[in-house]
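The structure appears right after this line, and notes come after that.
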Amino acid sequence: MHSVLKSEKFQDNLKKVRTFLLSREWMVVLSCFAGIFTTLDAYFPSAGIEIYGTLVFAMIVGVCMVISDDILAGLMPFMLTALVAIKCYDSYDVFIQYKWFAVPLVICLLFHFIVYRKKLVFGGSLRGSMAFVSAAILLGGFGFISTEEYFAPTSLYHMLGLGAGMLFLYILFYSNIQVREYSIIEKLTTIMVITGCFASFMVISYYLVNINKVIDTGTVIYLQWRNNCSTVLMLAMPFAFMQANKKSYATVFGFVFFFAILLTGSRGGMVFGGLELVMCIVMFMLYDRRRRLAYFIICLCLLFGFLIFSRLFTSFFGYTIDRLFSAISGFLAGEQNEVRAIHYARGINDFLNNPVFGTGLGYMGNRDVHPSKEFALCWYHCEPIQIAASFGTLGILAYGYQFIRRNILLWRRATLFNMTVFLSYMSLEFMSLVNPGIFCPLPYLMLVTVFFVAVEKCDEGEYQEKLHIRKKRKLSLKKEKV
C-alpha cells in the first residue's frame, strides 16, 4: 500500500485532484449542489433541509482538507457551509443532537494539519495587536462578572473564538498559506465572487419560490436571515469589481450583489451596502483607468433608471425604507420601542459602571431587552458600544490599536488587492455598527483573518503594481550634443 501511495502515477493523479479542488469548475459544481439544499428549503421551510445541508457541506470541507495539502481548498465549501447554515435560526437544540458529527470533521482537520504540517511561523505584523485584543477579551468583566457566567460554554466559545483562538488561527493560516504556482489573489477573488453569486441566488430563488406572495404584497418579503446574507454579499462586493479589472463582465456582479442586498430587506444592508457600492465605484474609477468611461456610463444609466422608476422603487422597497426612518426617528426622539436603541443606552451605562474591564462577554444582564437565543451572547448590536461595555477602556485601546495596525498594513502598499480587502473589511465594520458582525468568530472574523494573512503573504511574495490615480509619464531627456 505504501508503495502505491508513493508511486509516480498515484502522485500525478493526486496532484490533478488537488488542482481540481481549487478550480473554478469545482467551485461552481459545489455551488449548484448547495443550491439544491437552499431551493428545497425554500419550498419546504419546516423540513429542516438546511440542517442536513450544513452537515453535508461541513463534511465536504473535511474531505477537501484530507485530500489537499492546500488550506485554501477548504475555503469555498466552508463559505457554502456558512451560507446554508444562516437559515438555521435558533437551531442549537437540533444541531446538538448531531454532536457526534463533529468527531469525523475534527479527525479530518487534524489529519490535514499533521500529515501536511508546515513549520509554525509566528511572524506577521498583526500578531501583536491580536495578542493585545486577546488579553482584553480574557480580562473582560474582571471583578464584575460571576465565575459561572465567565466559564459558561457560550462565553468561552466567543472569548476564544474572538481572541486567543483567532490568534492561533492567524498563526496557522500564516504558516500554511503560501505563494504557490497559482495566484493567491486570483484564487481568493474567485472564491468571494462565487460566494456572492451563491448568496444572490439564495435571495432571488426564495423570491421566485414565493413569487405569488411578492405579487400580492408588492413589497419585499420577510427573510429572517437578511442581515447575515447582506453581510456576506457586502464582503463579496469589492471582489466583483476587483475581478472586473481583468474580466469586464464581472462589474455586473457588484451591482447584482447590491440588488440582492436590497431584496433581503436589511436596513443596515440598504444603507451601508449603498455606501460600499459608492466607495467601490469611486475607488475603481480612480484606479482602473481603462474602465473609467464604462463606470461613468453605467452610473449614468443607473441614475436615469432610478429617476424613471423611482415611484416603483419606493413602492417595492417602501417597507424597508419605512422601518429605517422609523428606527432613526424613534432613536432621535428617545422612544423606547427600538430594541437597538435600548441596547445602546444599556451599553453606555454598563461601560460607565465598569470603565476599566467592562462587563465581559458572558454578561447576560440585558436579556430583558431582547432574550438571546440558545448559545448566543446578549449582543449590544453596535461594535463600539460592544467593545466599551464588554471590555472597558482596555478593550477600546486594544481594538483601536488593532484597527490602526490593520489599516497601516493595507495602506502602506496601495495595491488593487489591498484596496479590495480594505473595502471588504470596512463593509464588515459598517455592518458591525448595527449587528454583531465582526464579533461572530465564524465565518466573519475568520474570513477577515484569512484576508489579512493573504495581504501579508502577497505583499511579500506576489508581484503587485502600486496604484496611481494619474498615469505616470516618462520623461525623456535628450542628450546634449557636444
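Starting from 1, each residue takes its place in the sequence as its number. Just the heavy atoms: all of them, side chains too, but no hydrogens, waters or symmetry mates, feed the values below.
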Count the heavy atoms belonging to other residues, nucleotides or ligands that lie under 6.0 Å from [atom1] of [X], then report whether that count exceeds 12.
X      : atom1 : result
Arg367 : CZ    : yes
Phe101 : CZ    : yes
Arg323 : CZ    : yes
Phe325 : CZ    : no

Return each pair, listed once, that meets salt bridge (charged side-chain N to carboxylate O under 4.0 Å, His left out) where at least one residue sits in residues 214-230; pairs must be two or more places apart or across chains.
none

Quick one: which residue pairs count as a salt bridge (charged side-chain N to carboxylate O under 4.0 Å, His left out) with a foot in residues 30-51, not counting sequence neighbours?
Asp41-Lys87

Taking the six-membered ring for Trp, are [X] and [Y] parallel (under 30°), tilted (30 to 60°) or perpendicular (over 60°)?
X      : Y      : answer
Phe57  : Phe37  : perpendicular
Phe239 : Phe451 : tilted
Tyr380 : His343 : perpendicular
Phe403 : Tyr425 : tilted

Of all the heavy-atom pairs spanning His381 and Pro436, show the shortest one and how long it is.
CD2-CD, 3.6 Å

Any side-chain donor-acceptor pair under 3.5 Å between [X] and [Y]?
X      : Y      : value
Asn176 : Asp70  : no
Thr264 : Ser230 : yes
Thr231 : Asn228 : no

Given 3.5 Å as the limit, does a donor-acceptor pair link the side chain of Ser23 with the main chain of Trp26, or not?
yes

What about [X] and [Y], are their ring centers closer than 6.0 Å?
X      : Y      : result
Phe313 : Phe317 : yes
Tyr89  : Trp225 : no
Tyr170 : Phe452 : no

With sequence neighbours left out, write down each residue that passes ring-ring contact (aromatic ring centres under 6.0 Å, His included) with [X], or none if nothing qualifies.
X      : answer
Phe316 : none
Tyr444 : none
Tyr401 : none
Phe132 : none

Taking the side chain as everything from C-beta on, heavy atoms only, tell me whether [X] gets closer than 4.5 Å to [Y].
X      : Y      : value
Phe258 : Met234 : no
Ser427 : Leu235 : yes
Arg267 : Asn227 : no
Leu21  : Met76  : no
Ile137 : Tyr399 : yes
Val203 : Cys229 : yes
Leu286 : Val282 : yes
Met446 : Pro441 : no

Would you compute the distance between atom OG1 of Thr38 and atom CD1 of Ile49 and round it to the nearest 0.5 angstrom?
10.0 Å

